[in-house]
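Residue numbering restarts at 1 for every chain, and letters A, B, ... go by the order of the sequence lines.
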Amino acid sequence: MTAPLRIHSDPAHAPAHTPNRRDAASAWLDRVTAMLRVPASEREAIRAELNEHLRERIRDLMLAGATEHAATSQAISELGDAAVLARRYQEAIEPSSRRSLMHVGIATAATAALVFSGAALFQSNATPTPGGTPAATAPVAVGSLADAETAARMVEMSRAMAQSRDIIAQQERDLARARGEIESMQLRVRSAEERAAALEADMFQAHRTSQIAREDAARAADDLRKAARERDAAMSRLRALEATAAATPPTPPATYQPDPNPAREVLNTLKIADGDDSETLGMVMAQTAIREAKVYLRNERLAEIKLDGSNALRLPNRQLTLGELVDLINATGSSPMGLEARQMPDGRIAIDMIDSWDRASRALVIYDLSDLAQRERARALSGLSVSRGGTILGIMQVITKTVTPDLWQDNDGELGAISVLDSSLVVTAPERSHHQIRWIIEQVRSSSSRVEVPILSDLPLVDVTPVEAGDRREVPPLRMRGNPAPIESKGEAGK
Amino acid sequence: MTFFDAPEPGELVVLSLLAEGRKYGYMLSKEAAARSEGRLRLTPGALYPLLKQLERQGLIASTVEEIKAEDAEPDASGRKRKWYRLTPKGKRRLEQRVQAHRTWRGILDAFLPEDPLDSTHRSRG
(Lines give C-alpha, C1' and ligand atoms only; values in the text may rest on other atoms or scores of the structure.)
Protein backbone atom coordinates (compact mmCIF):
# COMPACT_ATOMS: atom_id res chain seq x y z
CA MET A 1 0.00 0.00 0.00
CA THR A 2 0.97 3.62 -0.10
CA ALA A 3 3.31 5.23 2.40
CA PRO A 4 3.28 8.99 1.99
CA LEU A 5 4.74 9.93 5.39
CA ARG A 6 8.06 11.64 4.82
CA ILE A 7 9.38 13.96 7.50
CA HIS A 8 13.03 14.03 8.43
CA SER A 9 14.67 16.17 11.03
CA ASP A 10 17.95 15.37 9.39
CA PRO A 11 17.81 14.11 5.82
CA ALA A 12 21.22 12.55 6.22
CA HIS A 13 19.72 10.10 8.69
CA ALA A 14 16.42 9.73 6.92
CA PRO A 15 17.07 6.36 5.31
CA ALA A 16 17.77 4.82 8.69
CA HIS A 17 14.53 6.04 10.23
CA THR A 18 12.06 6.22 7.39
CA PRO A 19 11.39 2.52 6.79
CA ASN A 20 10.34 1.81 10.38
CA ARG A 21 8.14 4.84 10.60
CA ARG A 22 6.63 4.23 7.17
CA ASP A 23 6.06 0.60 8.04
CA ALA A 24 4.32 1.44 11.29
CA ALA A 25 2.06 4.12 9.82
CA SER A 26 1.37 2.15 6.65
CA ALA A 27 0.61 -0.99 8.59
CA TRP A 28 -1.87 0.89 10.72
CA LEU A 29 -3.54 2.48 7.67
CA ASP A 30 -3.61 -0.94 5.98
CA ARG A 31 -5.45 -2.43 8.93
CA VAL A 32 -8.06 0.32 8.95
CA THR A 33 -8.74 0.28 5.23
CA ALA A 34 -8.82 -3.54 5.06
CA MET A 35 -11.70 -3.55 7.51
CA LEU A 36 -13.78 -0.96 5.60
CA ARG A 37 -16.61 -2.33 3.46
CA VAL A 38 -16.76 0.63 1.08
CA PRO A 39 -15.98 1.23 -2.57
CA ALA A 40 -12.30 1.40 -3.45
CA SER A 41 -12.37 5.10 -4.23
CA GLU A 42 -13.86 5.93 -0.84
CA ARG A 43 -11.40 3.67 0.90
CA GLU A 44 -8.53 5.51 -0.73
CA ALA A 45 -10.01 8.87 0.23
CA ILE A 46 -10.29 7.81 3.86
CA ARG A 47 -6.74 6.53 3.81
CA ALA A 48 -5.45 9.74 2.30
CA GLU A 49 -7.20 11.86 4.93
CA LEU A 50 -5.90 9.78 7.85
CA ASN A 51 -2.47 9.80 6.28
CA GLU A 52 -2.54 13.58 6.04
CA HIS A 53 -3.52 13.80 9.69
CA LEU A 54 -0.68 11.49 10.72
CA ARG A 55 1.83 13.46 8.66
CA GLU A 56 0.88 16.83 10.15
CA ARG A 57 0.68 15.50 13.66
CA ILE A 58 4.14 13.96 13.41
CA ARG A 59 5.54 17.20 12.06
CA ASP A 60 4.02 19.23 14.92
CA LEU A 61 5.36 16.81 17.52
CA MET A 62 8.83 16.94 16.00
CA LEU A 63 8.77 20.73 15.93
CA ALA A 64 7.87 20.56 19.61
CA GLY A 65 11.07 18.60 20.20
CA ALA A 66 10.06 14.93 19.91
CA THR A 67 12.23 12.51 18.02
CA GLU A 68 10.94 11.13 14.77
CA HIS A 69 10.34 7.71 16.25
CA ALA A 70 8.56 9.06 19.34
CA ALA A 71 6.44 11.44 17.26
CA THR A 72 5.33 8.63 14.97
CA SER A 73 4.48 6.36 17.86
CA GLN A 74 2.48 9.06 19.62
CA ALA A 75 0.60 10.10 16.47
CA ILE A 76 -0.40 6.51 15.75
CA SER A 77 -1.42 5.88 19.34
CA GLU A 78 -3.63 8.98 19.25
CA LEU A 79 -5.50 7.53 16.29
CA GLY A 80 -6.49 4.65 18.51
CA ASP A 81 -7.45 1.09 17.70
CA ALA A 82 -7.76 0.42 13.96
CA ALA A 83 -10.75 -1.87 14.38
CA VAL A 84 -12.66 0.70 16.45
CA LEU A 85 -11.99 3.45 13.94
CA ALA A 86 -13.04 1.23 11.04
CA ARG A 87 -16.26 0.34 12.82
CA ARG A 88 -17.04 3.99 13.50
CA TYR A 89 -16.37 4.84 9.89
CA GLN A 90 -18.66 2.04 8.82
CA GLU A 91 -21.39 3.27 11.14
CA ALA A 92 -20.97 6.80 9.82
CA ILE A 93 -21.14 5.69 6.21
CA GLU A 94 -24.06 3.29 6.62
CA PRO A 95 -26.99 4.56 8.65
CA SER A 96 -28.56 2.04 10.95
CA SER A 97 -31.73 1.72 8.84
CA ARG A 98 -29.68 0.89 5.79
CA ARG A 99 -27.71 -1.68 7.70
CA SER A 100 -30.93 -3.26 8.93
CA LEU A 101 -32.26 -3.44 5.38
CA MET A 102 -29.02 -4.99 4.25
CA HIS A 103 -29.20 -7.59 6.99
CA VAL A 104 -32.82 -8.40 6.04
CA GLY A 105 -31.77 -8.71 2.39
CA ILE A 106 -28.95 -11.06 3.27
CA ALA A 107 -31.26 -13.21 5.32
CA THR A 108 -33.83 -13.27 2.50
CA ALA A 109 -31.20 -14.18 -0.06
CA ALA A 110 -29.91 -16.97 2.15
CA THR A 111 -33.44 -18.35 2.56
CA ALA A 112 -34.03 -18.15 -1.16
CA ALA A 113 -30.77 -19.92 -1.86
CA LEU A 114 -31.78 -22.74 0.45
CA VAL A 115 -35.15 -23.06 -1.31
CA PHE A 116 -33.47 -22.96 -4.73
CA SER A 117 -31.01 -25.64 -3.70
CA GLY A 118 -33.82 -27.89 -2.45
CA ALA A 119 -35.79 -27.36 -5.62
CA ALA A 120 -32.80 -28.09 -7.83
CA LEU A 121 -32.05 -31.24 -5.92
CA PHE A 122 -35.62 -32.31 -6.17
CA GLN A 123 -35.77 -31.49 -9.90
CA SER A 124 -32.61 -33.48 -10.63
CA ASN A 125 -34.13 -36.44 -8.84
CA ALA A 126 -37.43 -36.09 -10.67
CA THR A 127 -35.97 -35.80 -14.21
CA PRO A 128 -35.36 -39.17 -15.93
CA THR A 129 -31.73 -39.76 -16.76
CA PRO A 130 -30.27 -42.17 -19.23
CA GLY A 131 -28.73 -44.31 -16.56
CA GLY A 132 -31.37 -43.67 -13.95
CA THR A 133 -34.46 -45.50 -12.90
CA PRO A 134 -37.35 -43.13 -13.43
CA ALA A 135 -39.83 -45.86 -12.83
CA ALA A 136 -38.56 -46.23 -9.32
CA THR A 137 -38.59 -42.47 -8.57
CA ALA A 138 -41.66 -41.50 -10.47
CA PRO A 139 -44.17 -42.65 -7.94
CA VAL A 140 -42.41 -40.68 -5.27
CA ALA A 141 -42.19 -37.58 -7.51
CA VAL A 142 -45.69 -37.80 -8.62
CA GLY A 143 -46.76 -38.44 -5.14
CA SER A 144 -44.75 -35.40 -3.83
CA LEU A 145 -45.69 -33.03 -6.67
CA ALA A 146 -49.32 -33.72 -6.72
CA ASP A 147 -49.96 -30.01 -6.90
CA ALA A 148 -49.09 -28.81 -10.45
CA GLU A 149 -48.77 -25.21 -9.39
CA THR A 150 -46.11 -26.00 -6.87
CA ALA A 151 -44.09 -27.79 -9.51
CA ALA A 152 -44.30 -24.83 -11.85
CA ARG A 153 -43.06 -22.45 -9.08
CA MET A 154 -40.12 -24.68 -8.37
CA VAL A 155 -39.09 -24.63 -12.03
CA GLU A 156 -39.36 -20.85 -12.04
CA MET A 157 -37.25 -20.58 -8.95
CA SER A 158 -34.62 -22.84 -10.46
CA ARG A 159 -34.42 -20.57 -13.44
CA ALA A 160 -34.03 -17.53 -11.24
CA MET A 161 -31.24 -19.26 -9.37
CA ALA A 162 -29.38 -19.86 -12.62
CA GLN A 163 -29.69 -16.18 -13.45
CA SER A 164 -28.31 -15.27 -10.04
CA ARG A 165 -25.32 -17.50 -10.69
CA ASP A 166 -24.66 -15.65 -13.94
CA ILE A 167 -24.84 -12.29 -12.16
CA ILE A 168 -22.43 -13.45 -9.47
CA ALA A 169 -19.97 -14.69 -12.09
CA GLN A 170 -20.14 -11.35 -13.85
CA GLN A 171 -19.53 -9.49 -10.58
CA GLU A 172 -16.54 -11.65 -9.85
CA ARG A 173 -15.07 -10.79 -13.25
CA ASP A 174 -15.68 -7.08 -12.56
CA LEU A 175 -14.05 -7.43 -9.18
CA ALA A 176 -10.95 -9.06 -10.67
CA ARG A 177 -10.68 -6.27 -13.19
CA ALA A 178 -11.06 -3.64 -10.49
CA ARG A 179 -8.35 -5.30 -8.46
CA GLY A 180 -6.01 -5.10 -11.43
CA GLU A 181 -6.76 -1.42 -11.79
CA ILE A 182 -6.18 -0.85 -8.10
CA GLU A 183 -2.79 -2.51 -8.20
CA SER A 184 -1.82 -0.40 -11.18
CA MET A 185 -2.93 2.76 -9.39
CA GLN A 186 -1.08 1.73 -6.25
CA LEU A 187 2.13 1.43 -8.22
CA ARG A 188 1.69 4.94 -9.62
CA VAL A 189 0.81 6.35 -6.23
CA ARG A 190 3.81 4.71 -4.61
CA SER A 191 6.12 6.23 -7.17
CA ALA A 192 4.58 9.65 -6.71
CA GLU A 193 4.85 9.38 -2.94
CA GLU A 194 8.51 8.53 -3.14
CA ARG A 195 9.10 11.77 -5.01
CA ALA A 196 6.92 13.69 -2.59
CA ALA A 197 8.82 12.25 0.35
CA ALA A 198 12.14 13.43 -0.99
CA LEU A 199 10.74 16.89 -1.61
CA GLU A 200 9.20 17.05 1.80
CA ALA A 201 12.46 16.10 3.46
CA ASP A 202 14.21 18.91 1.62
CA MET A 203 11.45 21.30 2.59
CA PHE A 204 11.65 20.33 6.26
CA GLN A 205 15.41 20.72 6.33
CA ALA A 206 15.12 24.12 4.68
CA HIS A 207 12.50 25.08 7.24
CA ARG A 208 14.78 24.08 10.10
CA THR A 209 17.73 25.91 8.59
CA SER A 210 15.74 29.07 8.13
CA GLN A 211 14.37 28.80 11.65
CA ILE A 212 17.87 28.51 13.12
CA ALA A 213 19.03 31.43 11.00
CA ARG A 214 16.11 33.55 12.22
CA GLU A 215 16.91 32.71 15.84
CA ASP A 216 20.57 33.58 15.34
CA ALA A 217 19.62 36.86 13.72
CA ALA A 218 17.24 37.68 16.57
CA ARG A 219 19.95 36.99 19.16
CA ALA A 220 22.47 39.10 17.27
CA ALA A 221 19.97 41.95 17.09
CA ASP A 222 19.36 41.71 20.84
CA ASP A 223 23.09 41.77 21.54
CA LEU A 224 23.49 44.77 19.29
CA ARG A 225 20.69 46.68 21.01
CA LYS A 226 22.10 45.83 24.44
CA ALA A 227 25.58 47.00 23.43
CA ALA A 228 24.13 50.22 22.07
CA ARG A 229 22.28 50.87 25.34
CA GLU A 230 25.41 50.24 27.38
CA ARG A 231 27.42 52.53 25.13
CA ASP A 232 24.81 55.29 25.52
CA ALA A 233 24.77 54.87 29.29
CA ALA A 234 28.56 55.00 29.47
CA MET A 235 28.63 58.11 27.33
CA SER A 236 26.05 59.75 29.58
CA ARG A 237 28.07 58.95 32.68
CA LEU A 238 31.23 60.26 31.04
CA ARG A 239 29.55 63.52 30.07
CA ALA A 240 28.15 63.93 33.58
CA LEU A 241 31.56 63.35 35.13
CA GLU A 242 33.15 65.83 32.76
CA ALA A 243 30.51 68.42 33.58
CA THR A 244 30.97 67.84 37.31
CA ALA A 245 34.72 68.08 37.01
CA ALA A 246 34.41 71.31 35.09
CA ALA A 247 31.98 72.82 37.61
CA THR A 248 33.74 71.73 40.81
CA PRO A 249 36.63 73.90 42.02
CA PRO A 250 39.75 72.04 43.09
CA THR A 251 39.51 70.96 46.74
CA PRO A 252 42.36 71.58 49.11
CA PRO A 253 44.02 68.52 50.63
CA ALA A 254 42.02 67.16 53.59
CA THR A 255 43.29 67.91 57.03
CA TYR A 256 42.22 66.29 60.23
CA GLN A 257 39.69 68.39 62.12
CA PRO A 258 39.02 67.10 65.63
CA ASP A 259 35.41 67.19 66.74
CA PRO A 260 34.90 69.92 69.33
CA ASN A 261 32.73 67.52 71.37
CA PRO A 262 35.19 65.28 73.17
CA ALA A 263 32.69 62.44 73.49
CA ARG A 264 32.05 62.33 69.77
CA GLU A 265 35.73 62.61 69.14
CA VAL A 266 36.42 59.49 71.21
CA LEU A 267 33.71 57.62 69.36
CA ASN A 268 35.05 58.79 66.02
CA THR A 269 38.45 57.58 67.04
CA LEU A 270 36.98 54.21 67.96
CA LYS A 271 35.39 54.02 64.53
CA ILE A 272 38.67 54.83 62.87
CA ALA A 273 40.34 52.13 64.89
CA ASP A 274 37.58 49.73 63.98
CA GLY A 275 38.56 50.02 60.33
CA ASP A 276 42.19 49.22 60.99
CA ASP A 277 43.18 45.79 59.81
CA SER A 278 46.44 45.58 61.71
CA GLU A 279 46.93 42.71 64.09
CA THR A 280 45.88 44.65 67.14
CA LEU A 281 43.13 46.44 65.25
CA GLY A 282 44.24 49.77 66.48
CA MET A 283 46.14 51.50 69.19
CA VAL A 284 44.59 54.89 69.20
CA MET A 285 45.38 58.03 71.06
CA ALA A 286 42.24 60.06 71.51
CA GLN A 287 42.63 63.54 70.11
CA THR A 288 40.87 65.20 73.02
CA ALA A 289 41.41 66.09 76.60
CA ILE A 290 41.89 62.37 77.37
CA ARG A 291 45.37 62.47 76.00
CA GLU A 292 46.65 59.66 78.14
CA ALA A 293 44.01 57.12 77.10
CA LYS A 294 45.03 54.53 74.61
CA VAL A 295 41.99 52.64 73.39
CA TYR A 296 42.84 49.16 72.31
CA LEU A 297 40.35 47.04 70.39
CA ARG A 298 41.07 43.46 71.26
CA ASN A 299 39.36 41.61 68.48
CA GLU A 300 37.19 41.89 65.41
CA ARG A 301 33.91 41.37 67.19
CA LEU A 302 33.96 44.98 68.22
CA ALA A 303 33.34 45.83 64.58
CA GLU A 304 29.73 44.77 65.09
CA ILE A 305 29.13 47.58 67.57
CA LYS A 306 27.33 50.63 66.27
CA LEU A 307 28.55 53.56 68.25
CA ASP A 308 26.25 56.46 67.63
CA GLY A 309 24.58 59.26 69.52
CA SER A 310 22.34 56.88 71.48
CA ASN A 311 25.22 55.28 73.37
CA ALA A 312 27.71 58.12 73.15
CA LEU A 313 30.14 58.63 75.93
CA ARG A 314 29.33 61.55 78.12
CA LEU A 315 32.72 62.88 78.99
CA PRO A 316 33.26 65.74 81.40
CA ASN A 317 35.27 68.49 79.88
CA ARG A 318 38.27 67.85 82.01
CA GLN A 319 41.23 65.56 82.25
CA LEU A 320 40.16 61.97 82.98
CA THR A 321 42.08 59.15 84.51
CA LEU A 322 42.10 55.82 82.78
CA GLY A 323 39.94 54.31 85.52
CA GLU A 324 37.32 57.02 85.07
CA LEU A 325 37.28 56.45 81.34
CA VAL A 326 36.81 52.68 81.88
CA ASP A 327 33.90 53.36 84.19
CA LEU A 328 32.40 55.79 81.70
CA ILE A 329 32.62 53.32 78.86
CA ASN A 330 31.09 50.50 80.92
CA ALA A 331 28.34 52.80 82.20
CA THR A 332 27.26 54.16 78.85
CA GLY A 333 25.98 51.24 76.91
CA SER A 334 28.80 48.79 76.48
CA SER A 335 27.50 46.23 78.98
CA PRO A 336 24.06 45.82 77.39
CA MET A 337 25.88 44.95 74.21
CA GLY A 338 27.90 42.27 76.01
CA LEU A 339 31.01 44.45 76.15
CA GLU A 340 33.25 45.40 78.95
CA ALA A 341 36.16 47.81 79.09
CA ARG A 342 39.10 47.07 81.32
CA GLN A 343 42.21 48.93 82.22
CA MET A 344 45.28 46.97 81.22
CA PRO A 345 48.56 46.92 83.17
CA ASP A 346 50.44 48.65 80.34
CA GLY A 347 48.20 51.73 80.54
CA ARG A 348 45.79 50.84 77.79
CA ILE A 349 42.04 50.41 77.87
CA ALA A 350 40.89 47.17 76.33
CA ILE A 351 37.29 46.63 75.23
CA ASP A 352 36.03 43.15 74.58
CA MET A 353 33.03 40.86 74.83
CA ILE A 354 32.39 39.72 78.39
CA ASP A 355 32.62 36.09 77.22
CA SER A 356 36.09 36.76 75.91
CA TRP A 357 37.18 38.31 79.18
CA ASP A 358 35.81 35.27 81.00
CA ARG A 359 37.54 32.85 78.66
CA ALA A 360 40.85 34.65 79.04
CA SER A 361 40.65 34.76 82.83
CA ARG A 362 39.67 31.13 83.48
CA ALA A 363 41.56 29.50 86.32
CA LEU A 364 41.42 26.16 88.11
CA VAL A 365 41.12 26.46 91.92
CA ILE A 366 40.84 23.67 94.47
CA TYR A 367 38.81 24.77 97.48
CA ASP A 368 39.65 22.80 100.61
CA LEU A 369 36.40 22.25 102.50
CA SER A 370 37.65 19.56 104.89
CA ASP A 371 36.67 21.73 107.86
CA LEU A 372 33.07 21.81 106.72
CA ALA A 373 33.12 18.04 106.09
CA GLN A 374 34.46 17.45 109.56
CA ARG A 375 31.70 19.54 111.11
CA GLU A 376 29.14 17.60 109.17
CA ARG A 377 30.47 14.29 110.41
CA ALA A 378 30.32 15.62 113.93
CA ARG A 379 26.69 16.63 113.47
CA ALA A 380 25.86 13.22 112.17
CA LEU A 381 27.57 11.42 115.02
CA SER A 382 25.73 13.54 117.51
CA GLY A 383 22.41 12.55 115.97
CA LEU A 384 21.69 15.87 114.37
CA SER A 385 20.29 16.13 110.92
CA VAL A 386 22.60 16.91 108.04
CA SER A 387 21.79 18.21 104.58
CA ARG A 388 21.02 15.62 101.96
CA GLY A 389 24.08 14.65 99.96
CA GLY A 390 26.39 16.47 102.34
CA THR A 391 27.43 20.04 102.79
CA ILE A 392 30.04 20.03 100.03
CA LEU A 393 27.54 18.76 97.48
CA GLY A 394 25.09 21.39 98.73
CA ILE A 395 27.66 24.12 98.26
CA MET A 396 28.32 22.89 94.74
CA GLN A 397 24.59 23.09 93.94
CA VAL A 398 24.36 26.58 95.40
CA ILE A 399 27.27 27.70 93.23
CA THR A 400 25.88 26.27 89.99
CA LYS A 401 22.48 27.78 90.71
CA THR A 402 23.52 31.23 91.86
CA VAL A 403 26.94 32.08 90.41
CA THR A 404 26.29 32.89 86.74
CA PRO A 405 24.23 29.73 86.14
CA ASP A 406 24.75 29.79 82.36
CA LEU A 407 28.46 29.39 82.93
CA TRP A 408 28.53 25.78 84.11
CA GLN A 409 28.82 22.69 81.98
CA ASP A 410 26.13 21.04 84.09
CA ASN A 411 23.82 23.79 82.82
CA ASP A 412 24.99 23.41 79.21
CA GLY A 413 27.52 26.21 79.63
CA GLU A 414 31.06 26.16 78.34
CA LEU A 415 33.32 28.14 80.61
CA GLY A 416 32.69 26.64 84.04
CA ALA A 417 33.30 23.15 85.45
CA ILE A 418 32.85 22.07 89.07
CA SER A 419 33.20 18.72 90.80
CA VAL A 420 33.76 17.23 94.27
CA LEU A 421 36.97 15.45 95.13
CA ASP A 422 36.96 13.98 98.67
CA SER A 423 36.41 17.05 100.79
CA SER A 424 37.46 19.56 98.16
CA LEU A 425 35.71 21.42 95.38
CA VAL A 426 37.62 21.50 92.09
CA VAL A 427 36.45 24.51 90.11
CA THR A 428 37.46 25.83 86.71
CA ALA A 429 35.84 29.22 86.13
CA PRO A 430 36.54 32.84 85.18
CA GLU A 431 38.19 35.04 87.70
CA ARG A 432 35.03 36.96 88.57
CA SER A 433 33.24 33.72 89.37
CA HIS A 434 36.01 32.63 91.76
CA HIS A 435 35.45 35.83 93.73
CA GLN A 436 31.82 34.95 94.18
CA ILE A 437 32.59 31.30 95.02
CA ARG A 438 35.03 32.38 97.75
CA TRP A 439 32.43 34.70 99.18
CA ILE A 440 29.80 31.93 99.28
CA ILE A 441 32.18 29.49 100.99
CA GLU A 442 33.09 32.12 103.55
CA GLN A 443 29.44 32.74 104.23
CA VAL A 444 28.80 29.03 104.73
CA ARG A 445 31.74 28.73 107.06
CA SER A 446 30.68 31.65 109.18
CA SER A 447 27.05 30.50 109.34
CA SER A 448 28.05 26.90 110.19
CA SER A 449 29.96 28.13 113.17
CA ARG A 450 26.73 29.72 114.48
CA VAL A 451 24.52 26.68 114.08
CA GLU A 452 22.11 26.38 116.90
CA VAL A 453 20.28 23.13 117.46
CA PRO A 454 17.25 22.47 119.66
CA ILE A 455 17.38 20.68 123.00
CA LEU A 456 14.62 18.19 123.60
CA SER A 457 14.03 17.48 127.31
CA ASP A 458 13.12 13.84 126.82
CA LEU A 459 16.41 13.04 125.12
CA PRO A 460 19.37 11.99 127.24
CA LEU A 461 22.74 13.50 126.87
CA VAL A 462 24.90 11.23 124.84
CA ASP A 463 28.59 10.77 124.28
CA VAL A 464 29.46 10.51 120.68
CA THR A 465 32.47 8.54 119.53
CA PRO A 466 33.85 8.90 116.00
CA VAL A 467 32.60 6.24 113.62
CA GLU A 468 35.47 6.29 111.19
CA ALA A 469 38.44 4.27 112.36
CA GLY A 470 41.07 6.77 111.30
CA ASP A 471 39.48 9.75 113.00
CA ARG A 472 40.71 9.87 116.61
CA ARG A 473 39.47 13.32 117.44
CA GLU A 474 37.20 13.67 120.39
CA VAL A 475 33.94 15.31 119.56
CA PRO A 476 32.47 17.12 122.58
CA PRO A 477 28.93 16.17 123.48
CA LEU A 478 26.33 18.59 122.23
CA ARG A 479 23.74 19.99 124.45
CA MET A 480 20.45 20.50 122.83
CA ARG A 481 18.43 23.55 123.55
CA GLY A 482 14.87 24.48 122.98
CA ASN A 483 15.35 26.52 119.84
CA PRO A 484 13.15 26.05 116.80
CA ALA A 485 14.26 23.16 114.69
CA PRO A 486 16.03 23.97 111.44
CA ILE A 487 14.42 22.98 108.19
CA GLU A 488 16.59 19.86 107.82
CA SER A 489 15.51 18.66 111.23
CA LYS A 490 11.86 19.01 110.30
CA GLY A 491 12.48 16.96 107.21
CA GLU A 492 14.14 14.18 109.15
CA ALA A 493 11.50 14.28 111.86
CA GLY A 494 8.84 13.80 109.29
CA LYS A 495 10.27 10.49 108.17
CA MET B 1 -36.83 17.71 26.25
CA THR B 2 -35.50 14.57 27.90
CA PHE B 3 -32.08 14.07 29.32
CA PHE B 4 -30.95 12.26 26.20
CA ASP B 5 -32.05 15.09 23.93
CA ALA B 6 -29.02 17.12 25.03
CA PRO B 7 -27.02 18.30 22.01
CA GLU B 8 -24.10 16.09 21.05
CA PRO B 9 -21.03 18.25 21.81
CA GLY B 10 -18.74 16.97 19.04
CA GLU B 11 -21.20 17.88 16.33
CA LEU B 12 -21.82 21.30 17.86
CA VAL B 13 -18.09 22.02 18.05
CA VAL B 14 -17.36 20.91 14.50
CA LEU B 15 -20.29 22.81 13.01
CA SER B 16 -19.36 25.92 14.99
CA LEU B 17 -15.72 25.80 13.85
CA LEU B 18 -16.74 25.28 10.25
CA ALA B 19 -19.15 28.22 10.48
CA GLU B 20 -16.03 30.41 10.64
CA GLY B 21 -14.69 29.11 7.34
CA ARG B 22 -13.39 26.02 5.65
CA LYS B 23 -11.04 23.80 7.61
CA TYR B 24 -9.44 20.38 7.29
CA GLY B 25 -9.49 17.57 9.83
CA TYR B 26 -6.23 18.17 11.66
CA MET B 27 -6.93 21.90 11.71
CA LEU B 28 -10.27 21.27 13.41
CA SER B 29 -8.59 19.05 15.96
CA LYS B 30 -5.93 21.66 16.77
CA GLU B 31 -8.35 24.57 17.02
CA ALA B 32 -10.68 22.65 19.32
CA ALA B 33 -7.77 21.88 21.65
CA ALA B 34 -6.41 25.44 21.51
CA ARG B 35 -9.71 27.17 22.25
CA SER B 36 -10.57 24.88 25.12
CA GLU B 37 -7.01 25.19 26.49
CA GLY B 38 -6.54 21.48 25.97
CA ARG B 39 -9.66 20.43 27.82
CA LEU B 40 -11.58 19.37 24.71
CA ARG B 41 -9.89 16.89 22.42
CA LEU B 42 -11.38 15.86 19.12
CA THR B 43 -9.51 12.59 18.75
CA PRO B 44 -9.01 11.31 15.20
CA GLY B 45 -11.00 8.19 16.07
CA ALA B 46 -14.04 10.34 16.80
CA LEU B 47 -13.46 13.30 14.49
CA TYR B 48 -13.13 11.65 11.09
CA PRO B 49 -16.12 9.30 11.40
CA LEU B 50 -18.12 12.32 12.60
CA LEU B 51 -17.03 14.33 9.57
CA LYS B 52 -18.01 11.43 7.36
CA GLN B 53 -21.41 11.24 9.01
CA LEU B 54 -22.03 14.99 8.75
CA GLU B 55 -21.00 14.90 5.13
CA ARG B 56 -23.36 12.04 4.43
CA GLN B 57 -26.17 13.97 6.09
CA GLY B 58 -25.44 16.92 3.83
CA LEU B 59 -24.53 19.23 6.71
CA ILE B 60 -21.00 19.75 5.45
CA ALA B 61 -19.35 19.41 2.07
CA SER B 62 -15.76 18.67 1.17
CA THR B 63 -13.28 19.47 -1.54
CA VAL B 64 -9.87 17.92 -2.07
CA GLU B 65 -6.87 20.08 -2.83
CA GLU B 66 -3.53 18.90 -3.98
CA ILE B 67 -0.59 20.41 -2.17
CA LYS B 68 2.65 20.63 -4.07
CA ALA B 69 6.03 21.79 -2.97
CA GLU B 70 7.18 25.05 -4.51
CA ASP B 71 9.98 23.39 -6.40
CA ALA B 72 7.95 20.37 -7.48
CA GLU B 73 7.77 19.40 -11.09
CA PRO B 74 4.58 20.53 -12.85
CA ASP B 75 3.43 17.00 -13.59
CA ALA B 76 4.31 15.65 -10.15
CA SER B 77 1.36 14.76 -7.95
CA GLY B 78 1.17 16.34 -4.50
CA ARG B 79 -0.43 15.47 -1.17
CA LYS B 80 -4.18 15.53 -0.97
CA ARG B 81 -5.86 17.62 1.66
CA LYS B 82 -9.59 17.40 2.28
CA TRP B 83 -11.24 20.70 3.17
CA TYR B 84 -14.65 20.85 4.80
CA ARG B 85 -17.13 23.69 4.72
CA LEU B 86 -20.61 24.22 6.13
CA THR B 87 -23.58 23.78 3.77
CA PRO B 88 -26.80 25.85 4.08
CA LYS B 89 -28.41 22.81 5.64
CA GLY B 90 -25.52 22.63 8.07
CA LYS B 91 -26.00 26.29 8.99
CA ARG B 92 -29.64 25.62 9.82
CA ARG B 93 -28.65 22.59 11.86
CA LEU B 94 -26.07 24.67 13.71
CA GLU B 95 -28.68 27.27 14.59
CA GLN B 96 -30.93 24.53 15.92
CA ARG B 97 -28.08 23.01 17.88
CA VAL B 98 -27.10 26.34 19.42
CA GLN B 99 -30.68 27.00 20.40
CA ALA B 100 -31.00 23.52 21.88
CA HIS B 101 -27.74 23.96 23.75
CA ARG B 102 -28.88 27.24 25.30
CA THR B 103 -32.20 25.75 26.25
CA TRP B 104 -30.49 22.77 27.82
CA ARG B 105 -28.09 24.99 29.70
CA GLY B 106 -30.96 27.09 31.00
CA ILE B 107 -32.74 23.98 32.23
CA LEU B 108 -29.66 22.80 34.09
CA ASP B 109 -28.96 26.25 35.53
CA ALA B 110 -32.34 26.20 37.23
CA PHE B 111 -31.13 23.27 39.33
CA LEU B 112 -27.74 24.60 40.33
CA PRO B 113 -27.21 26.53 43.60
CA GLU B 114 -25.85 30.06 43.21
CA ASP B 115 -23.13 29.44 45.76
CA PRO B 116 -22.33 25.74 46.23
CA LEU B 117 -20.24 26.41 49.38
CA ASP B 118 -23.06 28.21 51.19
CA SER B 119 -25.48 25.54 50.14
CA THR B 120 -23.21 22.85 51.58
CA HIS B 121 -22.90 24.69 54.86
CA ARG B 122 -26.63 25.17 55.11
CA SER B 123 -27.30 21.54 54.47
CA ARG B 124 -24.75 20.53 57.08
CA GLY B 125 -26.07 23.02 59.57
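Proximity to chain B is limited to the side chain of A:Arg195, based on heavy atoms less than 4.5 angstrom apart. Contacts between B:Leu50 and chain A at a heavy-atom distance below 4.5 Å are absent for every atom of the residue. Residue A:Leu79 touches chain B through both its backbone and its side chain, counting heavy-atom pairs closer than 4.5 Å. Proximity to chain B involves both the backbone and the side chain of A:Arg57, based on heavy atoms less than 4.5 angstrom apart.
The closest side-chain donor-acceptor pair between B:Glu95 and B:Gln99, if any, does not fall under 3.5 angstrom.
A distance-only check finds a donor-acceptor pair linking the side chain of B:Glu66 to the backbone of B:Gly78 [under 3.5 Å].
Salt-bridge check for B:Lys82 with B:Glu55: passed, with a basic side-chain N closer than 4.0 Å to an acidic carboxylate O.
B:Lys80 has its side chain out of reach of A:Glu44: every pair of non-hydrogen atoms, C-beta onward, lies at least 4.5 Å apart.
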